[in-house]
Amino acid sequence: MRLLLPVTAVAGAVGAVTVCVVGLVGLVLVVAGVLVPVAAGWVQPRPAPPDLILGPGLWDALRPLLKIPEEKAGDRRKWLRLPDSLDAGNRVVLRLPAEWPGGEAGTKALDAIVTSRLPGDWDARWSRDESVPWVQWTRRAPEAPRPELPKMVEWYDTGDPYKIYVGETPEGAAFVHTHTATPHVGSSGETGSGKSTIAYMFLVAARLHGWLVTVIDPKRNSLREADGEAGVRIHVDVVECCMALAEYFTSMMAAEKWNSKKYEGRGGLDAPVPRLLIVEEWPSFKEFVAAWWKFIMKERGFPPVLVWIQLVLMQGRSSNHRVFFGTHQFSLEVFGSTLVRDQVGTKMVAGEVSPPSWVVAFGAGAPMVEYDETIPGRGAISLKGRRRKKVLPDGRVERAEEIQYAYITPRVAEWLQKAPPAPDWWTRGEMAPWITNADVARAHAAAAVAPFLPGGAVAGQRSSLTPDTDIDDELTGTHKPSSKPVPDMSGQGAVSGGTAPEDLVELAALVAEEGIEETRYTLRQACEIGIIRKTYGAARQFKSAWIGAGKEFPEGRTEKGATSYTREELEAVYGAPVTDSPEAD
């Protein structure tokens with residue numbers, strides 16, 4: 001009995017300690033069970049919903065605009081509902097009270113509050129046609145990051161002469177389609193930006209499919225990789241360039257006639273071959289022609305050479321005569337009119353571009369595309385048939401894409417070796433064999449081409465379209481003559497070695513047989529295309545002053561209230577070197 005009390009006391013103490021130890025271990029295990037998963041990231045704490053965080057402040061800003069007194073507001077969740085998360089596609093809904101005045105200013109104010117306080121971009125949808133009007137904002141999905149373009153892309157042939165691969169854009173491979181209503185192509189950029197590299201792609205694509213390529217390059221330093229290759233004529237002398245353009249324009253008109261069933265196969269002539277005209281540095285060529293026309297030829301008025309380009313742009317599609325322009329920009333000053341510039345269906349920019357150049361290329365409403373212009377071959381393009389329809393928040397439409405142009409220069413000669421051989425007439429420097437004397441007469445009546453064709457008055461002794469390859473020294477004069485020279489129809493007499501007068505009679509008979517009539521122009525048309533180098537208003541004043549001075553003005557032909565004149569009639573008045581002629585402007 002005496003031992004019972006000590007034993008009981010010891011047992012109680014041990015039991016208490018055990019209980020404490022067990023309890024402490026249990027507490028440690030519970031705490032570890034909570035903290036360790038959180039610390040290890042196994043358990044993510046649930047964030048507070050947007051309604052709890054953003055709802056009260058958003059409602060306090062909206063309620064005064066909705067004209068809801070605080071005492072009548074009640075539970076804000078009856079008016080404003082926020083989703084559990086603000087992920088893309090989730091919606092914020094606001095009920096509109098009947099007392100709210102609305103209007104453009106009211107909707108803009110509500111929209112500004114909601115979109116400025118919530119993260120991300122939101123699209124609003126308003127409904128006031130139901131018994132309970134409301135507005136809903138939907139979270140817009142963030143735009144996918146633009147893919148990074150490669151810094152070099154190799155060109156390849158598509159197998160289709162009307163589908164030319166030109167490079168890579170964020171939307172994938174870029175192809176220029178030239179079988180559209182406006183098939184011509186233009187490339188703009190500063191000197192050294194890569195316009196020639198772009199031109200090579202179209203030159204090679206044309207030759208691989210048997211097309212013939214005429215290059216106008218008075219600067220004499222472009223497209224060297226194609227110089228001397230079969231099927232390619234590169235003209236550098238101004239007179240040569242004008243002769244080549246005259247032949248190209250006449251070829252286009254003859255091919256157009258051929259394509260009609262009435263003339264197909266007539267006379268056993270060869271069928272027309274598709275052709276490509278590349279005008280390298282179009283603004284420079286215009287200035288060369290203007291200086292040559294004024295100071296060398298001592299002519300007044302507008303050189304017809306530039307009119308041929310405009311007519312080819314407007315009529316060349318159906319006759320398979322395409323044009324590629326290299327230019328510094330697509331301004332009206334360069335192209336002459338909006339009508340002509342719009343015939344260039346695909347516009348490309350290479351390298352660095354100024355805001356004015358961007359506007360005239362892609363339109364005043366087209367935002368500039370940001371790209372690294374220090375990367376060779378980087379630029380922007382507006383593809384015909386693939387214009388982006390994305391409307392930006394400020395209402396402007398994206399019309400251009402960033403592009404890495406394909407690089408072809410090192411392989412140009414290699415590619416051209418795979419092209420079909422050029423016809424013999426092309427190698428000999430002759431005009432297209434589908435051009436007849438009647439076609440020459442028709443083209444001359446329309447645009448005064450005859451003096452510029454081989455053997456003509458302007459062409460002088462040049463009887464061939466073969467490019468002069470000896471550009472650094474004097475002319476060698478070793479070119480073989482072409483077929484029968486074209487007669488001088490400028491009224492200056494036949495040139496040396498040209499056509500005898502009886503040939504003019506023969507052509508006159510052809511003109512009568514074919515029913516060809518010289519093209520006529522109203523005063524307004526003559527001013528627009530440059531036959532008269534005045535504005536329409538100034539031309540009318542000049543006419544009145546001319547008649548008032550007692551001079552005879554051409555009678556012209558009046559049809560349906562409009563009077564038209566031939567080019568010769570107009571030039572006799574507006575382009576005649578008469579010192580005492582009245583000047584109204």
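All values reported here derive from a predicted model rather than from experimental measurement. Sequential numbering from 1 along the given sequence is applied to the chain's residues. Note that these values count all heavy atoms, side chains included, but never hydrogens, waters or copies made by symmetry.
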Decide side chain to side chain contact (heavy atoms under 4.5 Å, CB included) for V369 and W358; before the verdict, give the C-alpha distance in whole Å, the side-chain angles of both, and the deciding distance to 0.1 Å. CA-CA 9 Å; V369 174; W358 181 274; 3.7 Å; yes

H321 vs S251, test: side-chain hydrogen bond (donor to acceptor under 3.5 Å, both in side chains). Steps then yes/no. CA-CA 9 Å; H321 282 59; S251 170; 2.8 Å; yes

Apply side-chain hydrogen bond (donor to acceptor under 3.5 Å, both in side chains) to the pair T427 and D424, showing each step before the final yes or no. CA-CA 5 Å; T427 306; D424 292 339; 5.2 Å; no

Determine, stepwise, if the pair D227 / R224 fulfils salt bridge (charged side-chain N to carboxylate O under 4.0 Å, His left out). CA-CA 5 Å; D227 193 13; R224 296 177 179 176; over 6 Å; no

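Closest non-hydrogen pair, A572 versus W546, comes out as O-CH2, 4.4 Å. The heavy-atom pair separating L245 from I309 by the smallest distance is CD2-CD1, 3.6 Å. Minimum heavy-atom separation, A432 to W425: CA-CZ3, 3.5 Å. Nearest approach of V213 to A206, heavy atoms of both residues: CG2-CB, 4.1 Å.
For the atom pair OG1 of T169 and CD of E402, the computed distance is 9.0 Å after rounding to the nearest 0.5 Å. Separation of atoms CZ (F542) and OH (Y574) is listed at 6.5 Å; rounding is to 0.5 Å. Residue T346 holds its OG1 atom at 13.5 Å from CZ of F325, rounded to the nearest 0.5 Å. Here the CZ-CG distance, from R233 to L277, works out to 12.5 Å after rounding to the nearest 0.5 Å. Between atom CG of residue D217 and atom CZ of residue F285 there is a gap of 10.5 Å, rounded to the nearest 0.5 Å. Interatomic distance, CH2 of W258 versus OG of S319, reported as 14.0 Å (0.5 Å rounding).
Residues Y162 and W211 bring their aromatic ring centres within 6.0 Å. Residues F553 and Y565 bring their aromatic ring centres within 6.0 Å. Between W308 and Y248, the distance from one ring center to the other does not fall under 6.0 angstrom. Not less than 6.0 angstrom separates the ring centroid of W292 from the ring centroid of F288.
Within the 4.5 Å cutoff, the side chain of E299 has no heavy atoms near those of the K294 side chain. For the pair E229/R207, no side-chain contact is recorded, criterion being any heavy-atom separation below 4.5 Å from C-beta on. The shortest distance between side-chain heavy atoms of S187 and T327 does not fall below 4.5 Å. The side-chain heavy atoms of Y200 and L223, taken from C-beta on, include a pair separated by under 4.5 Å.
In this structure, R317 contributes its side chain and T180 its backbone to a donor-acceptor pair below 3.5 Å.
Shown here are the salt bridge (Lys or Arg N to Asp or Glu O under 4.0 Å) partners of E569, two or more places apart in sequence or in another chain: R520. Judged as a salt bridge (Lys or Arg N to Asp or Glu O under 4.0 Å), and not counting sequence neighbours, the contacts of E247 are R275.
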